[in-house]
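Chain letters run A, B, ... following the sequence lines, proteins first, then strands; residues in each count from 1. For clarity, every value in this text was computed on a predicted model and none was experimentally measured.
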Number of protein chains: 4
Amino acid sequence: MRSATASASSDKGISRRFSRNHLIKRFKEIRQASLDIVDPLEPEDFVIQVMTNTSPTKWHLAHVSWFYETFVLDQVYDDYESMHPQYAYIFNSYYLQTGEPHARAKRGFLSRPTVNEVMEFRAYVNDEIVGFLENASEEQLQEFGPVIEIGNNHEQQHQELMITDFKFMFGQNPLYPVYREQQLPESTPPGELNWVSFDEGIYEIGNADDEFTYDNEHPRHREFLEAFALGDRLITNREFMEFMNDGGYERSELWLDDGWATVNEENWDSPLYWCRRDDGWYHYTLAGLRKPDPHEPVTHISYYEADAFARWAGARLPTEAEWEVAAGDQPYEGNFVESGRFHPQAAEDPGEDGLKQMYGDAWEWTKSSYDAYPGYEPLEGALGEYNGKFMCGQYVLRGGSCATSQTHIRKTYRNFFYPDARWQFNGIRLARTL
Amino acid sequence: MRSATASASSDKGISRRFSRNHLIKRFKEIRQASLDIVDPLEPEDFVIQVMTNTSPTKWHLAHVSWFYETFVLDQVYDDYESMHPQYAYIFNSYYLQTGEPHARAKRGFLSRPTVNEVMEFRAYVNDEIVGFLENASEEQLQEFGPVIEIGNNHEQQHQELMITDFKFMFGQNPLYPVYREQQLPESTPPGELNWVSFDEGIYEIGNADDEFTYDNEHPRHREFLEAFALGDRLITNREFMEFMNDGGYERSELWLDDGWATVNEENWDSPLYWCRRDDGWYHYTLAGLRKPDPHEPVTHISYYEADAFARWAGARLPTEAEWEVAAGDQPYEGNFVESGRFHPQAAEDPGEDGLKQMYGDAWEWTKSSYDAYPGYEPLEGALGEYNGKFMCGQYVLRGGSCATSQTHIRKTYRNFFYPDARWQFNGIRLARTL
Amino acid sequence: MRSATASASSDKGISRRFSRNHLIKRFKEIRQASLDIVDPLEPEDFVIQVMTNTSPTKWHLAHVSWFYETFVLDQVYDDYESMHPQYAYIFNSYYLQTGEPHARAKRGFLSRPTVNEVMEFRAYVNDEIVGFLENASEEQLQEFGPVIEIGNNHEQQHQELMITDFKFMFGQNPLYPVYREQQLPESTPPGELNWVSFDEGIYEIGNADDEFTYDNEHPRHREFLEAFALGDRLITNREFMEFMNDGGYERSELWLDDGWATVNEENWDSPLYWCRRDDGWYHYTLAGLRKPDPHEPVTHISYYEADAFARWAGARLPTEAEWEVAAGDQPYEGNFVESGRFHPQAAEDPGEDGLKQMYGDAWEWTKSSYDAYPGYEPLEGALGEYNGKFMCGQYVLRGGSCATSQTHIRKTYRNFFYPDARWQFNGIRLARTL
Amino acid sequence: MRSATASASSDKGISRRFSRNHLIKRFKEIRQASLDIVDPLEPEDFVIQVMTNTSPTKWHLAHVSWFYETFVLDQVYDDYESMHPQYAYIFNSYYLQTGEPHARAKRGFLSRPTVNEVMEFRAYVNDEIVGFLENASEEQLQEFGPVIEIGNNHEQQHQELMITDFKFMFGQNPLYPVYREQQLPESTPPGELNWVSFDEGIYEIGNADDEFTYDNEHPRHREFLEAFALGDRLITNREFMEFMNDGGYERSELWLDDGWATVNEENWDSPLYWCRRDDGWYHYTLAGLRKPDPHEPVTHISYYEADAFARWAGARLPTEAEWEVAAGDQPYEGNFVESGRFHPQAAEDPGEDGLKQMYGDAWEWTKSSYDAYPGYEPLEGALGEYNGKFMCGQYVLRGGSCATSQTHIRKTYRNFFYPDARWQFNGIRLARTL
């Protein structure tokens, strides 16, 4: 769904970030994190592809390994041999310059290789990468360190996708399997929505810092913004149910034309994973089916629903530039995958001023079409082949979710999905032009 | 795909066939046969549904168990409790009178219950059925013995479907997994096709004997047949490749209109599972990818292809009545699932007179639309609800295949599939009007 | 939809039937009949193709002319020139041996040639054919007379299709245009349904007489029939509404599996052209929207509906052999297109014995799949190329309708349509095995 | 496809622009212009809808009349009666607040009302509107004058759509009908592409003047632009054929992901209406099939093709703000519908400096997603109901085409279509970031 390529322009700091020991340590951590995520699964859970946009868990696990093979090991060694000659075909994705991939829609047709075989493949690649890193020259470290760091970030993205994809599979199952049991503490009301204001002016947008970034965050450039305000927290289930109870899903005047068509074709009457029972609404979470907590942020909604809710509320969604300006220098703290909660949680400290829940909990839909920044230049070669190829028809989301790693998110990070996507942990923050 | 209902009219012989010991023994044998078939599979192999017409192996295993629960245990015990309240929903098929089933096309969306859980479910049902049989009154045996016998036949049908369904899954996999390794002996040419003739006359068609039958084989009735001849064996791969080499798949005049449309929509240029490599044709078998043996019967072809081949050969397909008359009193011997070959084999004894390969190897397409025999009466109730509901748009096949159990086939057995079905072990026998 | 080819085997009588004067007279009459049918239409009515199965009226008018050009004029003259070099492409249908045709589904994309240009094309072909006939040698008459007679029958078939096709177009229009105003006399109840019985025996089926026939009516052959009975008249709107009121469209147990799927996909709850208003059911007729006359035969129903009705009524549909035996030597009289009624009418003379409405009013669905008679041989060449290509998946209908010409129907005439076809004037006659 | 609503905020000047005489004159002129456009058509040409995005010509002619009825006459008169009670249903489009419309995809199913009846309907509405204007009070003129002016602009938009829609219909016809014969003078090469540069800065975008505008051009607001340059003329057929000859349609790296999928699904290998013959490329124009003039602007291309061409050329498409800034105060002159050419023409005066072909010839794709300007406010009520509902998934085009009226276009005019739309007269102007 998205490209994974580094900004090769930030030469500074590579020696610092890509030291041998750091690279080995971080590589191992990230590879282990994938195993931790799938630990509660049964072999049968790794196989299924319920819709084309999702992939089987074992495909994810193997595909991220293929990435290191293709962009590191195949480049480093003249005679590198993969564990199986067909894996490069099966686990390639959309990188056409690396060969014709197995059709995306057929990833769920393959019972083999088995989970065990995929795990062997992971261990094989781990050994090769670690062996390379331990023995690489300093020059090799400088050349391939950044590529391995791309691979790490790529694997982190797929860790989030694994979670959303097996949630989608479990959410279709009448047995509503529990991924991880947990007793959630009762939440407290987050207080009324407050507005935080920002002045008009020319702002610098995009990344210029000495950190790992994707190329779509570049170049840093100027944008003029009219004065605006942002809601200080995410929209809650209670607020969204007010919209539902007010006929939100039945009133055409609230919807974009494409959104209204989708509502009717798909018979949407609530967020994804919600179902009505005799005693009210339930929704499937990775801890099983339960009643929506009224104070938690609403999630699993499309751009269309976020936009319709905002119109109903007399507001609008923020632009991505507004969001980035507003994020300022907030620390990257919040409810991330590391919390083990796998679900958004209610905003705390209702009395406190300022923007809350900017990071973690739920990706925040912006009204910005995903597009190239002025002066954007893709990298050379296969890694950069498709940097911009998704810049059409999708919308930018910001801030990360409860399925994102805290070490993966940053202020300038641009996630993007088609406006009908609901299976990600997506939510709503409102905005207003002042 | 098909109804599973007994002829309740053959009262004679039930005491003989449905003795307590016989019932227990046969039930156990058939339940065990299912386990033998899936023994070589990995857990991942039980889950996938590649097309709507196929089902995951674990669905088959559970569905046949649900059958005994619904039609025996639920009837016998007022307070019967299934192992899981949702299984009756998930593993029901098309029996609408027993409740709305889980959508057929979504059987492959369910990773749970796991294979182990399905095996527990099977064991649970086995215990219940055997417990019932051991303690049943003679009256109960008379009432439910025939129903259990239906369940046994139903499970045998699903044993064949399991084989064809996981073959279809493996056949889509670029790794071409081997189900069972085997070194096949070199076959010998079966000799030229000879014709065996039969006189015109009024013949009795359908079943009247004292054996288990489905209701669609009844009532026995008269048909007038013009004099005809049947090819003495199945059409071989060599003969079918002559058709292919003669432009068989490109010549519209050889095809039924619907068949020609299908050839073009699906880009058919060979039987299912065939693929062209640099050194010629290969086809996937359950022993892996190999070159087609020229002397083996061609299989995995649709009615359209069988019909086009017959037209090309200056012949036609037999009617089901002709096939049944020709079968005469041949013993039910041939290459069945019990051979463990899982593939058709070349006809033996080329010098010998008479019809060969009438049973086993490959189901033989007839030119008869699947329809009710004159005077056909479906049974009462849910078991008989759908006896005739498939009698539209399908064609009858006769004789069983290498995936059929020898204890399941008989002369009057009517199998049926839509004319585009290729994933069954279907083959060609030619006929002529004299 | 269907082949149009003569039986070339009936040599006798050609001199009688294909005399020069007879041929000219009949050709002119049939060509004029097409013009009479389209006389009430506006130019805009000739253009539209509402579904792939229907064709624009001007396509029909030109296509039947193309037929005479291709199979007569192009054969007679070495240097025959059509009026326009592209017409042979646009107005060809499925005769692949005569060249790749313009796609069937796109016939409604062509505003040109205009209706006037098509009429000029018709006049051009008329002149050429009449000119040929006036000057042909006796030998040429013998050779091409039968082909012209095929052309005439072909045009008669398309006359019926024109009527059903523009009815389908008008029936989609909220303005419900009136094709021909008429005040229909009040009908009288046809009396209870009576059964007319026939003995078991071997019967001769198919055509052997000295008349024009299609090759699918040959060869005449023997069939054994069990004793049976036929309803003495067609099923009426009143009877069909009893079925509807009894939940006929909601009870799965009454339907074939394919039929039940179609009912649910298409949301059928009544015959085609019926719509519910505040004061009850209406249906569109070529005289406009009106309430269904309870005594008229129900029409515009599919095979699925006919079959479900029969099951509900405790009966079945007849086989085509039964129908043909029952028709005996009844004269070909009834409510045909010549009546100008364009709608079925109630059976008369309720007191009279014997079968009524066997010809005209509505085509009668039989339970016989459309298949080759034993020993059937298609003609040579393009004319005979597709004689049998439709013999798959369709059902035979007998007897003609209110849109059929009386000079086109006969006892052995086999019409055929897919089981979901509703836009023809199709109705129900019941049968029973005795 | 688009909203038609006025800016109600420009109060000034209404008395000047909406004088009684001016209103009557302009209304009559625009109504007459529609008739002039359809004058060369035959009745059969008014009926057909080849794809859902296009509408039959007679639907356009009636729909624009319905607009005046609904938003003027129905409001002015308590007891206004349309000519036919069903027309408001048939000729409504997407204005849901005015009632459920007849399905868009079925507009081509209606042969009635005939063209003559539609013309009567137009005359009826003309009489009513002129009668109203002649007798309206000054207050009524102030209230309904702007609405009539919206109706006039709405009709002008549909005049362009009529041309593109019947071109699409003719372009599918193997006869390639000529709409208007014309001998086009030989064109001269437009010279090399030059770049015209613009400084970085904050610019005012959107409309503030005293002229008729749509609300999507408001409010006038500030945007910061980096320095940029625009190509001084449109891309020509010769240049586009270089792209084609360089494998433009086969090289995935040149395309957006959605674009590449579309190229492969639709088998695009050239602009719409192009076809290869033995002696090279031809394309259908409204003057018939001819060879593309190498110096004419390429047209009938999608956003995907424009974007791929720009990438191939080492450039990009302009943003709409860049286009508007660059347009400066150029007069609205160029090759519009008034020229009667109905096709783009080569740029003149190759020696001359500055931007050429900014207006007319072909709509210019911008890389700007169609979105609301900051502070955008839709109007109240049904007229404004859908102002913003199309602001998702579409791209803005600027400058008008050879099918646009010179009196309809302006600098701030925002046209928009989905990125796969090719049947409009769309072309390419390149841009670069400096």
Side-chain angles (χ1 to χ4, degrees), chain A residues 38 40-52 54 56-59 61-62 83-92 99-103 105-119 121 165-179 284 288-289, chain B residues 38 40-52 54 56-59 61-62 83-92 99-103 105-119 121 165-179 284 288-289:
Chain A
V38 305
L41 302 184
E42 300 289 342
E44 293 87 342
D45 299 329
F46 288 76
V47 183
I48 288 170
Q49 179 180 36
V50 175
M51 67 169 174
T52 302
T54 61
T57 301
K58 74 185 175 83
W59 187 91
L61 290 172
M83 215 177 78
H84 193 292
Q86 286 277 40
Y87 285 2
Y89 167 67
I90 295 178
F91 298 121
N92 183 2
E100 179 78 20
H102 185 247
K106 295 184 176 178
R107 289 178 188 160
F109 290 4
L110 309 180
S111 62
R112 311 291 178 90
T114 63
V115 176
N116 284 340
E117 288 165 340
V118 164
M119 291 305 183
F121 176 46
D165 288 7
F166 62 64
K167 180 170 181 179
F168 191 75
M169 174 183 66
F170 285 148
Q172 308 287 325
N173 193 322
L175 304 178
Y176 293 120
V178 170
Y179 167 65
Y284 174 70
L289 198 69
Chain B
V38 304
L41 301 186
E42 300 288 344
E44 293 87 342
D45 299 330
F46 289 77
V47 182
I48 288 171
Q49 179 180 36
V50 175
M51 67 170 176
T52 302
T54 62
T57 302
K58 74 184 173 83
W59 186 91
L61 290 171
M83 216 179 79
H84 194 292
Q86 286 276 44
Y87 285 4
Y89 167 67
I90 294 178
F91 299 120
N92 184 3
E100 181 79 18
H102 186 247
K106 296 185 175 177
R107 288 176 189 163
F109 290 3
L110 309 180
S111 61
R112 312 289 179 91
T114 62
V115 176
N116 284 340
E117 287 166 340
V118 164
M119 292 303 185
F121 176 46
D165 289 6
F166 64 64
K167 179 171 184 180
F168 191 74
M169 175 183 65
F170 286 149
Q172 308 286 324
N173 193 321
L175 304 178
Y176 294 120
V178 170
Y179 167 67
Y284 174 71
L289 198 68

Original post:
Given that the side chain runs from C-beta out, which part of B/I90 has a heavy atom under 4.5 Å from chain A: side chain, backbone, both or neither?
Top reply: side chain
Original post:
Between B/P174, B/P177, B/P56, which shows the greatest number of heavy-atom pairs under 4.5 Å with chain A?
Top reply: B/P174
**OP:** For each of B/L41, B/L110, B/N116, tally heavy-atom pairs with chain A at distances under 4.5 Å, and name the one with the top tally.
**Re:** B/L110
Donor-acceptor contacts, no H, no angles, side chain residues 42-50 of chain B, under 3.5 Å, sequence neighbours left out:
unit_1 : atom_1 : unit_2 : atom_2 : d
B/E44  : OE2    : A/V115 : N      : 2.7
B/D45  : OD1    : A/S111 : OG     : 2.6
B/D45  : OD1    : A/R112 : NE     : 2.9
B/D45  : OD2    : A/R112 : NE     : 3.1
B/D45  : OD2    : A/R112 : NH2    : 2.6
B/D45  : OD2    : B/E42  : N      : 2.9
B/Q49  : OE1    : B/R107 : N      : 3.2
B/Q49  : OE1    : B/G108 : N      : 3.0
B/Q49  : NE2    : B/T54  : O      : 2.8
B/Q49  : NE2    : B/R104 : O      : 2.9

Original post:
Mind checking what makes side chain to side chain contact (heavy atoms under 4.5 Å, CB included) contact with A/E117, not counting sequence neighbours?
Top reply: A/Y87, A/P113, A/T114
